[in-house]
2 protein chains.
Amino acid sequence: MTRAPQKRTMQTRAKLLDAAADLISVNGYTALRVEEVVLKAGVAKGTFFAHFADKDQLMNQLIGAEMDRILDHIVAGPVPKDADSIAEALLPLAEFMTCERYVLDIILRYSVVPEIEQIEPIARNFGRQIEILMNWCSTSDTSFRKDIDAGLLAEGVHAFLLQAMALKFCALHCELGLRERLRQYLRAWLAPVAA
Amino acid sequence: MTRAPQKRTMQTRAKLLDAAADLISVNGYTALRVEEVVLKAGVAKGTFFAHFADKDQLMNQLIGAEMDRILDHIVAGPVPKDADSIAEALLPLAEFMTCERYVLDIILRYSVVPEIEQIEPIARNFGRQIEILMNWCSTSDTSFRKDIDAGLLAEGVHAFLLQAMALKFCALHCELGLRERLRQYLRAWLAPVAA
DNA sequence: CATAATAAATGACCATGGTCAATTTAGTAG
DNA sequence: CTACTAAATTGACCATGGTCATTTATTATG
């Protein structure tokens, strides 16, 4: 017979998340150590792994939550009507996702869902991103290409977003900044002049 | 005064690379342990790290070398003239890069060059990929769009290649296989019907 | 050839993520 | 209230990547 989870569980989990968030706000994501987290939270190491499968899952929660906050802010704003506006709207999200190389690595690793059952925060956020992009791409008063459907259009925007972010860490071809590169990509993808 | 490297150096390095390649051919990349490699190569653990900054650098060498072999084979073939042919030509490379989740993670992490000085194998291979794609995109007898230059066209193909590969590990939206997805992307990118 | 100088190799040791049998705590039934 | 059961917690221990002072091999020089 299974029993309902105790409220102690959520408290401990919250203590761990809070401790981790505090430490990250000081030293960043890359420098976080599980040891520090449990010390600050006042629990044993084993407890950490009773709440999170591994360190990456904690990161998944924290990074995913931050991405959700940023995305909430983005959808609260006006719907962008052209390529440059979409680039501009996505910029805060892109900036966060590339705030540390380690953060982008985690995001890339957990943006896909290996198992149908449980969708983790980052993967869920990616799903939201695609949906929002689809909405933007399918509003009628845009001048976007009509030869492909909104789903494909959205996937393309996303592919270029990732490409632009990856190149932010590249010492080669770094003449362009993230914003300008993303604009260039999205113009070419969303409103081609055609052959 | 600096002295020329001894030939012993290259021998030891070769022993390590051979041992690693052997082990990988049996158990795959993910399962490789540094301990196993030095045991099989008959050297001490410290020696490994005198030759490779870390385990990832060994992977960078081995995976990069394999990618180079595949790319050599691709360029030895005929130049693809349309989107579907490009997708088809890239497929062997994409298959290898996604042979294990771990392999794709390593490739994504080391495909960008953080420091100008030393370009590692995977990053160099990515550079080659872009150049080859540029050549394909700028051959005159294709029906590709002419509104953007070959460099941007190549970067886009690459962005879509990465997107298609990432989705290979995704349990969601997995109706399409890698080949079909890549075709769809490249058709839309290289030959848009325009608004 | 002897000796000094530098390169290469060694392995005990460390850092950090992760495991699990044993223990404590909270909820439940009588 | 007591005994019982499942959930939650603990911390010693393990796995694996990585470090570095010390030792050994190689090469240059008088």
Side-chain angles (χ1 to χ4, degrees), chain A residues 1-20 23-24 26-63 100-103 105-106 109-110 114 120, chain B residues 1-21 23-24 26-63 100-103 105-106 109-110 120:
Chain A
M1 147 195 193
T2 56
R3 191 174 283 176
Q6 307 173 1
K7 74 179 160 191
R8 198 169 40 142
T9 306
M10 289 309 289
Q11 288 172 352
T12 305
R13 188 189 163 85
K15 273 196 292 185
L16 286 166
L17 285 169
D18 288 349
L23 289 165
I24 286 167
V26 178
N27 301 316
Y29 292 89
T30 314
L32 193 74
R33 297 286 168 268
V34 172
E35 199 86 40
E36 289 181 321
V37 176
V38 297
L39 200 73
K40 180 146 190 165
V43 302
K45 203 169 184 181
T47 305
F48 181 97
F49 292 98
H51 287 264
F52 304 97
D54 52 28
K55 186 185 167 186
D56 286 0
Q57 285 312 306
L58 170 73
M59 290 300 182
N60 200 323
Q61 300 296 324
L62 291 170
I63 292 173
E100 295 173 36
R101 180 66 230 230
Y102 171 70
V103 169
D105 285 342
I106 292 284
R109 184 155 45 233
Y110 294 100
E120 297 297 329
Chain B
M1 149 191 193
T2 57
R3 191 175 285 176
Q6 309 172 0
K7 75 179 159 188
R8 194 168 46 141
T9 307
M10 289 310 288
Q11 287 174 352
T12 305
R13 188 189 164 86
K15 274 196 292 184
L16 286 166
L17 286 168
D18 288 350
L23 289 164
I24 286 167
V26 178
N27 301 315
Y29 292 89
T30 314
L32 193 74
R33 297 287 168 267
V34 172
E35 199 86 40
E36 289 180 321
V37 176
V38 297
L39 201 72
K40 181 145 188 165
V43 301
K45 203 169 184 181
T47 304
F48 180 98
F49 293 98
H51 286 264
F52 304 97
D54 52 29
K55 186 185 166 184
D56 286 359
Q57 285 313 305
L58 171 72
M59 290 298 184
N60 200 321
Q61 300 295 325
L62 291 170
I63 293 173
E100 295 174 37
R101 180 68 230 230
Y102 170 70
V103 169
D105 285 343
I106 291 283
R109 186 157 41 236
Y110 294 99
E120 297 296 329

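Both backbone and side-chain heavy atoms feed into the values below; hydrogens, waters and symmetry mates do not. Naming convention: chains lettered A, B, ... in sequence-line order (proteins, then strands); numbering from 1 in each chain.
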Side-chain atoms of Ala44(A) come closest, of dT10(D), dA8(C), dT9(D), to dT10(D)

Counting side-chain heavy atoms from C-beta on, which of dG11(C), dT26(D), dT10(D) comes nearest to Val43(A)?
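For Val43(A), the side-chain atoms sit closest to dT10(D).
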
At what distance, to the nearest 0.5 angstrom, does CD1 of Ile24(B) lie from CD1 of Ile63(B)?
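The CD1 atom of Ile63(B) is 7.0 Å from CD1 of Ile24(B), to the nearest 0.5 Å.
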
Between the CE atom in Met59(A) and the OH atom in Tyr29(A), the distance rounded to the nearest 0.5 Å is 8.0 Å

Could you run down the sub-3.5 Å N/O contacts of the protein with nucleotides 17-20 of chain D?
unit_1, atom_1, unit_2, atom_2, d
dG17(D), OP1, Lys55(B), NZ, 3.0
dG17(D), OP2, Val34(B), N, 3.2
dG17(D), N7, Lys45(B), NZ, 3.0
dG18(D), OP2, Lys55(B), N, 2.8
dG18(D), O6, Lys45(B), NZ, 3.3

Dump the intermediate steps for salt bridge (Lys or Arg N to Asp or Glu O under 4.0 Å) on Asp105(B) and Arg101(B), then the final yes or no.
CA-CA 6 Å; Asp105(B) 285 343; Arg101(B) 180 68 230 230; 2.9 Å; yes

Phosphate-side-chain proximity, Thr12(B) and dA8(C), N/O vs OP1/OP2 below 4.0 Å
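No, Thr12(B) has no side-chain N/O under 4.0 Å of OP1/OP2 on dA8(C).
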
Under-4.0 Å side-chain N/O to phosphate OP1/OP2 contact, His51(A) with dA8(D)
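It does not, given that no N or O in the side chain of His51(A) lies less than 4.0 Å from OP1 or OP2 of dA8(D).
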
Starting at [atom1] of [X] and ending at [atom2] of [N], how long is that distance when rounded to a whole Å?
X	N	atom1	atom2	value
Phe52(A)	dT19(C)	CZ	P	15 Å
Leu16(A)	dT10(D)	CG	C1'	13 Å
Met10(A)	dT25(C)	CE	C1'	19 Å
Gln11(A)	dA7(D)	CD	P	18 Å

Please report the shortest heavy-atom distance between Glu100(A) and Gly28(A), naming the atom on each side.
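Scanning both residues completely, I find the closest heavy atoms to be OE2-CA, 3.4 Å.
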
Checking Lys55(B) side chain against Leu32(B) main chain: does a donor-acceptor pair fall under 3.5 Å?
yes

Could you name each residue pair satisfying ring pair (Phe, Tyr, Trp, His ring centres under 6.0 Å) that touches residues 30-51 of chain A, not counting sequence neighbours?
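Listed once each, the pairs are Phe48(A)-Phe52(A).
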
